[in-house]
4 protein chains.
Amino acid sequence: MSPRRKEQVEEIRLKSTQLIVDAALNLFAHQGFYRTTISQIAKQAGISKGLIYNYFASKEQLLEAILDQAMHTGDEVLETLQSPEMDPELALDQAIDQIFDLVKANPIYWRLITALSFQEDIISKYKTKLEKHGQDNLTRLTSLLVKMGVDNPEMEAMYLAASLDGILLHFINFQAHYPIEEMRSFLKIKLRNTQNQT
Amino acid sequence: MSPRRKEQVEEIRLKSTQLIVDAALNLFAHQGFYRTTISQIAKQAGISKGLIYNYFASKEQLLEAILDQAMHTGDEVLETLQSPEMDPELALDQAIDQIFDLVKANPIYWRLITALSFQEDIISKYKTKLEKHGQDNLTRLTSLLVKMGVDNPEMEAMYLAASLDGILLHFINFQAHYPIEEMRSFLKIKLRNTQNQT
Amino acid sequence: MSPRRKEQVEEIRLKSTQLIVDAALNLFAHQGFYRTTISQIAKQAGISKGLIYNYFASKEQLLEAILDQAMHTGDEVLETLQSPEMDPELALDQAIDQIFDLVKANPIYWRLITALSFQEDIISKYKTKLEKHGQDNLTRLTSLLVKMGVDNPEMEAMYLAASLDGILLHFINFQAHYPIEEMRSFLKIKLRNTQNQT
Amino acid sequence: MSPRRKEQVEEIRLKSTQLIVDAALNLFAHQGFYRTTISQIAKQAGISKGLIYNYFASKEQLLEAILDQAMHTGDEVLETLQSPEMDPELALDQAIDQIFDLVKANPIYWRLITALSFQEDIISKYKTKLEKHGQDNLTRLTSLLVKMGVDNPEMEAMYLAASLDGILLHFINFQAHYPIEEMRSFLKIKLRNTQNQT
DNA sequence: AATGAATGAGCGTTCATTCAT
DNA sequence: CATGAATGAACGCTCATTCAT
């Protein structure tokens, strides 16, 4: 009965937290936040209801932790985009790849965020951040398209953003049945053509 | 002193039904089905909770009535698409116009259906129908693109469908701030270019 | 549009009242008072909910009207029992016949009253009256048995009352399947034997 | 600090279950099933409404648990009746004693079951079982009376069953005021006489 | 750190009752 | 006399949260 060492405690906390977050993420993404109960999360995580409240003050804060994690993952990826002076065509290809890879790696995050974007009450806290994200991406795309000498770069950027989101929406909803890789290639070809038309 | 005439009763019923459906539609679309309570609907509609149950057997059946109405509205518009032997370019333009007009006329229906597509439990009854719709539209688009002599019409159709849904998704989320008409024109131009490339 | 004559009005009132009472009696007797709704009664009676409140101030008062009617019917029959100086054996036979006939004529009244005797809240108002009834019957039976020179007439009377209620209980529950007439004859034979034993 | 041991939990569960069942049994038996609310049961049991649903999935299943328990108690007693080759007179006495003892030990069970026998909707699940019980008892009584050489044993058995139920019905309704023991003795004497008449 | 029994606010729903027509 | 749309209190039930162990 010697006291646990600090690292052991920390390790246990991390493991439990991850169990809870994973279970909650899946349930939130597929059933929605309100439809998912704390009991379901506990059962799915293989722990007790009470334990969840050792790590998260409330169901809402559990969601926020998940969203923060999702945002952070997204931020990391998209920061790289900022990167250097690079051929704009390649940069655009890379940007698209990053988004596709991001969503393919964690479609569930994407699903959750998209679903929550229809829940006006919950998302309000994140709305500003999400909108800023969207705006940033749009600006970035526009500037790349400018560099590429494309006509009407603002509209092209909005159109590209919409197409991207549409493809990802379909991917999220049809999952394995969706030819996501073919669409990625096709999108790149389209961009190439856009450029050539000018 | 004498009881109301049948038409009077019918008129009252229609009015109340509409009050309820309108209130419910708005709340469901903006807060989600589970977040919306019967009390909220009643308050928004300016009636009592109990009255809702004079017209709808349950909260779920209220949703179904709304969805049926939405589907029906959608069906009506898209039937016309079937129509005649027409220049495929014009037909495609018309198809796009119909979808844009449909969503612009009732963005809230579109918002509700899109939001519900993330609620696995509720949508199951409608999933089949929605998927059939999506598939039909794809087939239709593909055949039009074939007539137009476009290369790789299957991929073009999927890409067009994704772009369309992406644009409408953005429109739903940004509403008045979104340049929906510009996007409509731009989309048509894009299609024109696609054709010319071949 | 001449005003209805008083008798016409009264006739209509009587007819409606009877429709309501009949419907309510059947439903109360088979489903219980609390399980039966005003809507069910109205539907069964072929009238509107509102009309019931033209004749009865509340659901409870409708029940009371029915019980009063049942009691009254019972009283009428049992009053005759009081009657003259008659051979006690015949008087007892007659008393038994009266009860059997009463229950056979309106088993539903009996069923309702028996069922309600288990509902402490409702019956309280009638409990006194019912108990008095029971006590009166017991006294009457006892005095007849005394006249017949039976040993231990008090216990014989209680036993007879219990047997009677037991038979009627079984009759109510099994209805047509129960050999009520055979039991009536058998009961009389038993009484004859009781007498002979002394 | 550490969670409760399994046995501790089980003990707590048993205690709570019993509190709920006891409260519900009394209320159901005296007010009827539909008149009794979950809130009343919780208040009577000294617990919260919600706790009831930790142990019983619904009000109906709470009733079923009580009825199963009642049936089981009854079954246990009546099995002994089956027993050996014994003097039929003694066997009959014993059978009567068992039923009297059973009802005297748990009059509330008897009251509940009798009351429910008037609720057509609820009892249906148990009706078959109860009818079988009644039929079995009748058969048993008849065969004993046959062994005793009684005339017309079928009618005697039905009459005895009715008398028994009548006595118990009166006992249930008058409780302490009813001379149940005197009735038991008297019933046995009656049976003795029946036999002697042949 | 971990459990799960316990709570109670609030949900969807029912239904006796009212009242304008 | 007769209707049925409308109300709201109260029901059965759910579930986020607390806390003794």
Side-chain angles (χ1 to χ4, degrees), chain A residues 4 8-10 12-13 15-16 34-42 47-60 62, chain B residues 1-6 8-13 15-17 34-42 47-60 62, chain C residues 3-4 8-9 12-13 15-16 34 36-42 47-60 62, chain D residues 1-6 8-13 15-16 34-42 47-60 62:
Chain A
R4 280 192 272 259
Q8 285 179 313
V9 168
E10 195 52 31
I12 290 174
R13 289 189 67 89
K15 197 184 132 211
S16 294
Y34 290 108
R35 205 49 214 304
T36 301
T37 71
I38 293 287
S39 289
Q40 286 178 320
I41 297 170
I47 52 149
S48 71
K49 268 188 299 181
L51 191 57
I52 293 175
Y53 288 88
N54 270 9
Y55 299 103
F56 303 95
S58 69
K59 195 182 163 189
E60 297 232 341
L62 171 53
Chain B
M1 307 302 165
S2 49
R4 289 188 194 84
R5 293 194 321 275
K6 271 232 172 110
Q8 285 176 309
V9 168
E10 197 52 33
E11 196 185 327
I12 289 173
R13 289 187 70 86
K15 195 185 131 214
S16 294
T17 305
Y34 290 110
R35 189 77 225 267
T36 301
T37 71
I38 292 288
S39 290
Q40 285 178 323
I41 297 171
I47 54 157
S48 70
K49 269 189 300 175
L51 190 59
I52 294 175
Y53 290 89
N54 267 13
Y55 297 99
F56 301 96
S58 68
K59 195 182 163 188
E60 295 231 343
L62 171 53
Chain C
R4 278 192 273 260
Q8 286 179 313
V9 168
I12 290 175
R13 289 189 68 88
K15 196 185 131 213
S16 294
Y34 290 109
T36 301
T37 71
I38 292 287
S39 290
Q40 284 178 320
I41 297 170
I47 53 151
S48 71
K49 267 188 298 182
L51 191 57
I52 294 176
Y53 288 88
N54 270 10
Y55 299 103
F56 303 95
S58 69
K59 194 182 164 188
E60 296 233 343
L62 171 53
Chain D
M1 307 303 166
S2 48
R4 289 190 194 83
R5 293 196 321 277
K6 271 228 172 118
Q8 285 177 311
V9 168
E10 195 52 33
E11 198 184 326
I12 290 174
R13 289 188 71 85
K15 195 185 130 213
S16 293
Y34 290 110
R35 189 76 224 267
T36 301
T37 71
I38 292 289
S39 289
Q40 284 178 323
I41 297 171
I47 54 155
S48 70
K49 268 188 300 176
L51 190 58
I52 294 175
Y53 291 89
N54 266 12
Y55 297 99
F56 301 95
S58 69
K59 194 182 163 188
E60 296 231 343
L62 172 52

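Throughout, protein chains are lettered first and strands after them, A, B, ... in sequence-line order, and every chain is numbered starting at 1. Note that these values count all heavy atoms, side chains included, but never hydrogens, waters or copies made by symmetry.
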Annotated protein contacts, base or backbone, on nucleotides 12-17 of chain F with a non-hydrogen cut-off under 4.0 Å, one of B, S, - each
SBBSSB

Let's test your reading of the pairing rules: Watson-Crick or G-U wobble, both distances under 3.5 Å, then write DNA chain E as a dot-bracket string with ( ), [ ], | and dots.
.||||||||||||||||||||

Could you tell me if the side chain of [Y] sits less than 4.5 Å from the side chain of [X], heavy atoms only?
| X | Y | answer |
| --- | --- | --- |
| C:L62 | C:Y55 | no |
| A:I38 | A:Y53 | yes |
| D:R4 | D:I12 | yes |

Taking atom [atom2] of [N] as reference, at what distance in whole Å does atom [atom1] of [X] sit?
| X | N | atom1 | atom2 | result |
| --- | --- | --- | --- | --- |
| D:I12 | E:dA6 | CD1 | P | 6 Å |
| D:K6 | E:dA5 | NZ | C1' | 16 Å |
| C:Q40 | E:dT14 | CD | C1' | 12 Å |
| C:I41 | E:dC15 | CD1 | C1' | 12 Å |

Go through E:dA2, E:dA6, E:dA5 for me and flag the one nearest to the D:S48 side chain.
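Side chain of D:S48 sits closest to E:dA6.
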
When you measure from the side-chain N and O atoms of A:R13 to the phosphate of E:dA1, is any distance below 4.0 Å, counting only OP1 and OP2?
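Answer is yes, contact under 4.0 Å.
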
Minimum heavy-atom distance between B:K49 and B:A42, given as atom pair plus value:
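For B:K49 versus B:A42, the nearest heavy atoms are N-CB, 3.7 Å.
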
Under the side chain to side chain donor-acceptor pair (under 3.5 Å) test, which residues partner B:S16, sequence neighbours left out?
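Not a single residue meets the side chain to side chain donor-acceptor pair (under 3.5 Å) criterion with B:S16.
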
For D:Y34, all residues meeting side chain to side chain donor-acceptor pair (under 3.5 Å), sequence neighbours excluded:
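Only C:R35, D:D121 meet the side chain to side chain donor-acceptor pair (under 3.5 Å) criterion with D:Y34.
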
For D:Y55, which contact category applies under a 4.0 Å heavy-atom criterion: base, sugar-phosphate, or nothing?
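Result for D:Y55 = sugar-phosphate.
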
So D:I52, base contact, sugar-phosphate only, or nothing? Heavy-atom distance under 4.0 Å.
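D:I52: no heavy atom of the nucleic acid under 4.0 Å.
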
Test side chain to side chain contact (heavy atoms under 4.5 Å, CB included) applied to C:Q40 - qualifying residues, sequence neighbours left out
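C:L27, C:Q31, C:T36, C:T37.
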
Qualifying residues under side chain to side chain contact (heavy atoms under 4.5 Å, CB included), relative to A:S48, sequence neighbours excluded:
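Counting only residues at least two positions away or on another chain, A:S48 forms a side chain to side chain contact (heavy atoms under 4.5 Å, CB included) with A:L51.
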
Do other residues, nucleotides or ligands put more than 12 heavy atoms under 6.0 Å from B:Q8 CD?
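Enclosed.
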
